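Working notes, structure below.
Everything numeric here is computed off the predicted structure, so don't read it as measured data. Within every chain, numbering begins at 1; the chains are lettered A, B, ... in the order of the sequence lines, protein sequences first and strands thereafter.
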Amino acid sequence: MPRRRIYNPLTELLTAALLVVLVLVVNRWEVSLAVLLLVVLPAILLSGRARRIGLAIAIVVGPLLISSLLLHGLFFPEGERILLDLGFARVTVEGLAFAAVMGLRTSVFAGVLLTAAMTLDIADLVATMTHCGWNRKLVFIVGSAVGLIPQVALRGEQITRAQQARGLVVGAGLPSRLRALLAVTTPLVIGLLVDASERNHMLEARGFSARVPRTSYRPDSDTPGQRLFRILLTLGVGAFCLTWIVLVVLT
Amino acid sequence: MIRLEVDAFSYDGTEQVLVGPVLQVHPGDHVVVTGASGSGKTTLLRLLAGLTGSDAGAAFTGSITLDDERLDFAGSEQDPRIDAARWSEQVAYVAQGAWGQLSMMSATVGEEIAFGPANRGVPAGQLRARVDAVAESLGLTPLLERDPRRLSGGQLQRTLIAAAMVQRSRVLVLDEPFQGLDDDAAAEVAAALEVLRREGTGIVVSAPILPAPILPAPILPAPMLPAPIPAEAAPRSARVLALAGGRPVFDGSLADARTAGLDRFGIGTMGDPPAIGEAPERPEPAAAGAALLELRNVSFRYPQQHGAPHGTGLRGVGFSVSSGEIIALRGPNGSGKSTLLQHLNGLLRADSGSIAVDGTPIRSQPTGSFAAVVGYLFQDTDQQLFERTVLREVAYGPRSIGRRRPDAERRAAAALDEVGLQAVSQAHPYELGFVQRRLVALASLLATGPRLWALDEPTAGLDAPAREVMAALLRAHARGGGAVVLATHDAAFAETVAHRSLWLDDGRIVTQGGTEHG
């Protein structure tokens, strides 16, 4: 089951973004590892969707890790301690270490952002954005993810079933699957465009173009405490990063 | 309250799709705008909803009078422009196609209903009060926290009505609100409309056939919906405006409309059998061929899904269908009819038991490999249409079972001819009306040439001529040695067309027999 929500989605998103900034600025493997073990891993385990998030991270990070290992492990110009000389390439300690650090940081980025995105309560986020008075078109774009993404998946599945009922055979091989994907894409996009044109009048009729500030049916889950926390967090991370850059990076 | 006078209307300045209808709606009226497919119903309703099409090149001459304000249109660029948001405060409109009517940014039914007033800046406290009030009227209070994407057809349609009516508009215009709904869902929607009408809302509903009158029955206090109401019913006091070819052919009471001989304009009456002449010819058991379809002790359970109610499965279902037979699967909503149909071409696979089509057991073969033997018509037509032109759509089946393109297109053209749609072969399927789209789906099945047809609610939303085409094609297919299994709520159609009915309840067959059981 998805976890019970404690923080407002804006707080969660901002925290995730600031963590990424922190790991980017403080280019130390110890910091990356600490964030991974002390923040990302517990967040994933407590999310209630650990398997799905783990799989998503593996899909995103896996290929990046492999390519980083191949690239830096075999072709690292500054590498001096050679472990294996293949002639056209050299496996060096420095190259492997660099690849490991890069991989660690990539894992932290992907872990933080995917965990935040996959546990985000979009409806709550939309309500918060509305209460904060954000532009309603921007809110609509974010809010569309509530209905549109699952609708796209459902419609794609229905089209595939209809095509199968009429003779489409999806084989196990990649070419067959790619052909099936292509066959679904066109009707899927056309169907979504037709829906969008129908939805256009409905949006107008339901006052979407009104100029008054939009209100929200959902109560605001944001609190003064969390607003203060976000401000302090932003200031704190900003000040730390600035200090770090001045004292460590530039000296 | 509102009066629409249409001298003429055309979408492209050439062909006139409406000539001469006049429609007036008062508080508490229930007006049914009826006509066969292409008669101009949707265009008329869109005009009532303030969609004059002037920004898309349409030419409307006539007038719309709302209370004391009269807007005259001369089909010119100087014509008044109607502000959709302001107009909808007086005249709410629910178009066809439920998915296109959802805002797609609401996680709950409550938010969906609140979408309009929230856009208009109604303060949160009032917003909740308005949503609660309209939800109570329409029996939606228990659904307010539900995901609108996971509602049944009737619940979704009622949600859309609530979303349109949350501002307490005085007129509610609905374009074929019963389209694609089964009997239970249609009855839910009819009851909701009756509640609004009794509260003083003027209701305008378009329908391809004349509805049944609501029998005088006590209305239960809100939030209970009135019951029992026949599906797609209208009150006895309802008025009917019938259109044919864009022209008014009848304007009067529902009772008079039922005896006015509107069938000559392709306007049938709910509950009437399709007019296809003689009674069904039961194939003699001796004359019937070997079993084309055989199910033995088939059981199936849907996998559990988070947040989604899982459908009824099947429990020990067994029957056989011979060549030349038409079998109707009947039973209440959720009894397992569609689930059973989806087993006939491998869309769903039985957990236990066996199914054989034309002697071939369905095991782990790909679903697509059965297309040459089993043709499937989905309940939701739009699931089934995915090509760029009608001809390509219909030719898809024959192509995918290995026919060469010229042969596939020849078969497609012949199938389109059979359903009367050859003239639109180069149109995009989405340019057609619902009835024509349904016939395109049927033609695609004809062109592939399977011996067994599995049809899910084939007559839902059809007008009388299309229903007759459907009945005639089913009979011709059976006479030609094919077989048909259709899941239907249309008792009159099943009685006329099917040789026998299987009654399902809770996933098992409870009665087998001739159609006189219905």
Side-chain angles (χ1 to χ4, degrees), chain A residues 1 121-124 126-127 130-131 136 139-148 150-151 154-155 158-159 161-171 183-184 186-188 190-191 194-199 201-220, chain B residues 49 51 84-85 87-88 92-93 95 97 99-108 110-111 113-124 127-128 131 148-149 163-164 345 347 366-369 371-372 375-376 378 380 382-388 396-397 399-401 428 430 444-445 448:
Chain A
M1 286 292 290
D121 185 337
I122 296 177
D124 207 11
V126 166
T130 304
H131 283 291
R136 63 173 66 195
V139 175
F140 182 78
I141 291 167
V142 174
S144 294
V146 170
L148 221 48
Q151 172 65 2
L154 180 68
R155 200 161 190 151
Q158 287 173 343
I159 293 169
R161 279 163 58 84
Q163 289 176 333
Q164 287 176 343
R166 286 169 58 191
L168 174 76
V169 175
V170 185
V184 169
T186 309
L188 185 63
I190 290 173
V194 169
D195 271 2
S197 72
E198 285 172 3
R199 192 166 294 118
H201 171 255
M202 182 279 297
L203 290 175
E204 288 302 312
R206 290 169 75 184
F208 189 67
S209 300
R211 302 200 178 278
V212 292
R214 195 170 185 274
T215 52
S216 174
Y217 180 77
R218 272 183 182 243
D220 194 359
Chain B
L51 295 163
W87 195 258
S88 68
Y93 175 56
W99 287 108
Q101 300 296 300
L102 282 176
S103 69
M104 282 296 170
M105 63 174 289
S106 304
T108 64
E111 287 171 71
I113 297 172
F115 182 75
N119 283 332
R120 292 172 164 98
V122 172
L127 201 56
R128 287 209 159 254
V131 170
R149 291 168 293 127
N345 71 340
L347 278 168
T367 303
S369 65
Y376 195 97
F378 286 84
D380 179 357
D382 294 340
Q383 278 185 26
Q384 194 159 351
L385 305 180
F386 43 78
E387 279 284 7
R388 290 199 297 273
Y396 179 92
R399 288 275 289 152
S400 63
I401 62 165
H428 192 287
Y430 280 103
S444 67
L445 188 150
T448 312

Should the pair A:Phe140 and B:Phe115 be assigned to parallel (<30°), tilted (30 to 60°) or perpendicular (>60°) ring geometry? tilted
Measure across A:Thr130 and A:Thr215 and return the closest heavy-atom pair with its distance rounded to 0.1 Å. CG2-O, 3.5 Å
Does the side-chain contact (heavy atoms from CB on, under 4.5 Å) test come out yes or no for B:Ile113 and A:Tyr217, once each step is laid out? CA-CA 9 Å; B:Ile113 297 172; A:Tyr217 180 77; over 6 Å; no
Among B:Gly397, B:Pro148, B:Gly116, which residue forms the greatest number of heavy-atom pairs with chain A at distances under 4.5 Å? B:Gly116
Applying a strict 4.5 Å limit to non-hydrogen atoms, the region of A:Ile190 in contact with chain B is side chain
What part of B:Ser106 is in contact with chain A, defined as an atom under 4.5 angstrom from a non-hydrogen atom: side chain, backbone, both or neither? backbone
Segment of B:Ala164 engaging chain A (4.5 angstrom heavy-atom cut-off): neither
Best-contacting candidate, A:Arg199, A:Arg211, A:Gln164, A:Glu204, against chain B by heavy atom pairs under 4.5 angstrom: A:Arg199
Determine yes or no for a side-chain-to-main-chain donor-acceptor pair under 3.5 angstrom, with B:Ser88 supplying the side chain and A:Arg206 the backbone. no
Between A:Val139 and chain B, with a heavy-atom cut-off of 4.5 Å, which part of the residue counts as in contact: side chain, backbone, both or neither? both
Highest number of heavy-atom pairs under 4.5 Å with chain A among B:Thr108, B:Ile401, B:Leu51, B:Asn345 belongs to B:Leu51
Counting heavy-atom pairs under 4.5 Å with chain A, which one of B:Pro123, B:Ser103, B:Pro117, B:Ala114 comes out on top? B:Ser103
Where is the tightest heavy-atom contact between A:Ala165 and B:Ala371, given as atom of each residue plus distance? O-CB, 3.6 Å
Could you have a look at B:Thr448, B:Leu347, B:Val131 and say which one has the most heavy-atom pairs with chain A under 4.5 angstrom? B:Leu347
Using a 3.5 Å distance criterion without hydrogens, assess whether the side chain of A:Arg136 forms a donor-acceptor pair with backbone atoms of B:Asn119. yes
Chain B interface, residue from A:His201, A:Met202, A:Arg218, A:Arg214 that has the most non-hydrogen pairs under 4.5 Å: A:Arg214
Within this structure, what is the CD-CZ distance for the pair B:Glu387 and A:Arg166, rounded to the nearest 0.5 Å? 7.5 Å
Please answer whether the main-chain N or O of A:His131 pairs with a side-chain N or O of A:Ser216 as donor and acceptor at a distance below 3.5 Å. no
Chain B contacts, top residue of A:Ala210, A:Pro219, A:Gly207 (heavy-atom pairs, under 4.5 Å): A:Gly207
Given a strict heavy-atom distance threshold of 4.5 Å, which part of B:Arg128 is in contact with chain A: side chain, backbone, both, or neither? both
